[in-house]
K.L.:
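The structure is given below, and queries will be raised subsequently.
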Amino acid sequence: MNSRSDVLVIGGGAIGLATAIELARQGTQVTVLSRNFQEAALHAAAGMLAPQAEGLEPGPMLDLCLRSRDLYPEWTSQLTELTGLETGYWPCGILAPAFADSSPRYTGDAKWCDRTTIHQHQPDLSPDIVGGWWFPQDAQVNNQQLAQVLLQAAQQLSITLEEGVSVTAFDTQDRQIQQVQTTAGPWQAQTYVLATGSWSQELLPIPVTPRKGQLFAVQTHTQSLRKVLFGPGTYIVPRQNGRIVVGATSEDVGFAAYNTPGGMQSLLAATIRLYPPLADYPLEGCWWGFRPATPDEWPILGHSPYENLILATGHYRNGILLTPVTARLIADLIVTGQADPCLADFSWQRFAPSSPSSEPFALAHS
Ligand code: GLY
């Protein structure tokens, strides 16, 4: 038996680490079990903070995303204060240029730029761009830097981080998790947090499935892009050091690994169509990852069928954006026992079978 913690977080990606950090800040003793840090969706992201550019419908999901975007300045500066490391948070705004056949779908405080304005606003866009939407409050964070900051913060807060440990099963009794079985033996805690993203179904039959994204990066020596471009089939995220990260495909291919010629061809074509100068920049590399998708594309947050298991998974395209608000909501739920009212909209129960069952999940490991 490994040592007990107050809270055992299963999953060492952005959501798991940030939740552990928030819990530790509130005085909780936390252990994080991470199967493979490099597999986390955190690495596959481009770091866009784009509730508006993503075109989310008004409602609970947009509200949650806006709340998290609003937390970013304070959350990242606290992390920097703690670790001395920069996250690359940059409120640079996002421009969504439109071709003649693009369908305008934005509401709220988006600003429409006509053809003349948008080409002045961002030189070298495709001549076929007829206008576009400007979202001055959308932003970006450097997800690779954020990964290092979260690891460093976890270390400074004395969080026990066990890398290379997989949870294989829950041992349950009377709607309680008694312990988890892992590749390093059993582990116990008072409360467990499931933050296993695309791999959540290995432990619980909740509808979270992988949605593959392929990305690439180029390196420039110019600063010609100073805002994120969000176009059909592509987004182009310039870092302040001249690197440009471009994403992403969205493929329902299970856990099929690797970059593929077909995926890269479609991404490159959409990107060069939108912003032709990118065709000539030195290609730095390409990679892929898996977004944890749910049927309605909203995360699954809060209580689970087990009284001492809290869910924080299924963040799909918005994991980096939703990290601060998820960490705060889940930590507050565990520490105070009070659920923020917004969690009701993200409950696992929206996917529960309508027939009542005496068992929480018929398929759950026990
Ligand atoms: N957040 C954008 C994506 O998942 O591709």
Side-chain angles (χ1 to χ4, degrees), residues 11-18 34-50 54 86-90 94 140-151 163-164 195-199 208-220 225 228-275 278-293 313-323:
I15 299 292
L17 285 174
S34 165
R35 176 162 65 187
N36 182 351
F37 184 59
Q38 294 309 326
E39 273 184 357
L42 165 65
H43 302 288
M48 271 192 310
L49 307 175
E54 286 274 359
E86 296 292 337
T87 62
Y89 169 69
W90 184 14
I94 297 184
Q140 64 161 297
V141 67
N142 185 322
N143 51 298
Q144 294 296 353
Q145 285 177 225
L146 182 64
Q148 296 314 312
V149 172
L150 291 173
L151 285 176
E163 177 63 24
T196 42
S198 292
W199 294 268
V208 182
T209 52
R211 191 66 51 83
K212 181 175 173 180
Q214 301 190 46
L215 301 93
F216 69 91
V218 295
Q219 185 66 47
T220 74
L225 268 187
V228 174
L229 301 180
F230 191 102
T234 182
Y235 45 81
I236 302 174
V237 184
R239 304 295 195 216
Q240 281 167 306
N241 65 2
R243 188 170 191 248
I244 300 177
V245 179
V246 180
T249 62
S250 187
E251 302 165 70
D252 196 0
V253 293
F255 286 108
Y258 302 112
N259 289 103
T260 59
M264 294 309 295
Q265 181 189 40
S266 65
L267 183 58
L268 286 162
T271 307
I272 294 167
R273 177 181 182 228
L274 176 66
Y275 187 63
L278 212 129
D280 298 319
Y281 294 145
L283 193 56
E284 198 187 74
C286 55
W287 63 98
W288 76 95
F290 301 107
R291 308 172 183 87
T313 187
H315 291 74
Y316 188 43
R317 294 180 64 90
N318 295 296
I320 299 286
L321 169 62
L322 288 173
T323 294

K.L.:
Could you check whether any side-chain heavy atom of T271 comes within less than 4.5 Å of a side-chain heavy atom of F216, counting everything from C-beta outward?
P.N.:
yes
K.L.:
When rounded to the nearest 0.5 angstrom, what distance separates CD1 in I236 from CG in L225?
P.N.:
6.5 Å
K.L.:
Taking side-chain hydrogen bond (donor to acceptor under 3.5 Å, both in side chains) as the definition, give me every residue that meets it alongside S250, ordered by chain and number, with sequence neighbours left out.
P.N.:
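S250 satisfies side-chain hydrogen bond (donor to acceptor under 3.5 Å, both in side chains) with no residue once adjacent residues are dropped.
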K.L.:
Minimum heavy-atom separation for G289 and A44, please, with both atom names.
P.N.:
CA-CB, 3.4 Å
K.L.:
Of I244, T220, L283, T234, which is the lone residue that meets side-chain contact (heavy atoms from CB on, under 4.5 Å) with L278?
P.N.:
I244
K.L.:
Atom OG1 of T209 and atom CZ of F290: how far apart are they, to the nearest 0.5 Å?
P.N.:
12.0 Å
K.L.:
Using the rule given for side-chain contact (heavy atoms from CB on, under 4.5 Å), can you reason through Y235 versus I94, listing the C-alpha separation, both sets of side-chain angles and the distance that settles it, and then say yes or no?
P.N.:
CA-CA 10 Å; Y235 45 81; I94 297 184; over 6 Å; no
K.L.:
Could you pull out the closest heavy-atom pair between G197 and P292, with the gap in Å?
P.N.:
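In this case the closest contact between G197 and P292 is C-CB, 3.5 Å.
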K.L.:
Y281: which residues meet the ring-ring contact (aromatic ring centres under 6.0 Å, His included) condition with it, sequence neighbours left out?
P.N.:
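None.
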K.L.:
Any donor and acceptor pair, going by atom type alone, linking the side chain of N259 with main-chain N or O of W287 inside 3.5 Å?
P.N.:
yes
K.L.:
With sequence neighbours excluded, tell me which residues meet side-chain hydrogen bond (donor to acceptor under 3.5 Å, both in side chains) with E251.
P.N.:
Q214, T249
K.L.:
So do the side chains of F37 and L150 get within less than 4.5 Å of each other, counting heavy atoms only?
P.N.:
no
K.L.:
Is the shortest side-chain heavy-atom distance between L49 and Y89 below 4.5 Å?
P.N.:
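Side chain of L49 against side chain of Y89, heavy atoms only: contact under 4.5 Å found.
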K.L.:
Where the side chain of E284 meets the backbone of Q219, is there a donor-acceptor pair that is under 3.5 Å apart?
P.N.:
no
K.L.:
I need the minimum non-hydrogen distance between A248 and G213, along with the two atoms involved.
P.N.:
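Looking at all heavy atoms of both residues, the closest pair is CB-CA, 4.4 Å.
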K.L.:
Before giving the answer on side-chain contact (heavy atoms from CB on, under 4.5 Å), spell out for E54 and F230 the whole-Å C-alpha distance, their side-chain angles and the decisive distance to 0.1 Å.
P.N.:
CA-CA 8 Å; E54 286 274 359; F230 191 102; 4.0 Å; yes
K.L.:
Quick check: does any side chain N or O of K212 sit under 3.5 Å from a backbone N or O of A256, one acting as donor and the other as acceptor?
P.N.:
yes
K.L.:
Within the side chain of Q140, is there an N or O that forms a donor-acceptor pair under 3.5 Å with the backbone of G88?
P.N.:
no
K.L.:
What pairs with N241 under side-chain contact (heavy atoms from CB on, under 4.5 Å), at least two apart in sequence or on another chain?
P.N.:
R239, R243
K.L.:
Measure the shortest side-chain to side-chain distance between Q144 and V245 over non-hydrogen atoms and say whether it is less than 4.5 angstrom.
P.N.:
no
K.L.:
What residue pairs, at least two apart or across chains, pass salt bridge (Lys or Arg N to Asp or Glu O under 4.0 Å) with a residue in residues 255-270?
P.N.:
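For residues 255-270: none.
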K.L.:
Is there side-chain contact between C286 and L215, with at least one heavy-atom pair below 4.5 Å?
P.N.:
no
K.L.:
Can you sort out the partners of S34 under side-chain hydrogen bond (donor to acceptor under 3.5 Å, both in side chains), two or more places apart, ordered by chain and number?
P.N.:
E163
K.L.:
Enter the distance from W199:CH2 to N36:CG here, rounded to the nearest 0.5 Å.
P.N.:
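Between W199 CH2 and N36 CG, I get 8.0 Å after rounding to 0.5 Å.
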K.L.:
What closest approach, in Å, do H43 and A147 show between heavy atoms, and which atom pair accounts for it?
P.N.:
CE1-CB, 4.2 Å
K.L.:
Within the side chain of T87, is there an N or O that forms a donor-acceptor pair under 3.5 Å with the backbone of L146?
P.N.:
no
K.L.:
Please check this pair: side chain of T323 against backbone of I15, looking for a donor-acceptor N/O pair closer than 3.5 Å.
P.N.:
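A pair under 3.5 Å: no.
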K.L.:
I'd like to check R211 versus R317 (side-chain heavy atoms, cut-off strictly below 4.5 Å). Are they in contact?
P.N.:
no
K.L.:
Which heavy atom in I320 sits nearest to a heavy atom in A45, and how many Å separate them?
P.N.:
CG1-CB, 3.7 Å
K.L.:
Can you name the closest pair of heavy atoms from A270 and G233 and give their distance?
P.N.:
CB-O, 3.7 Å
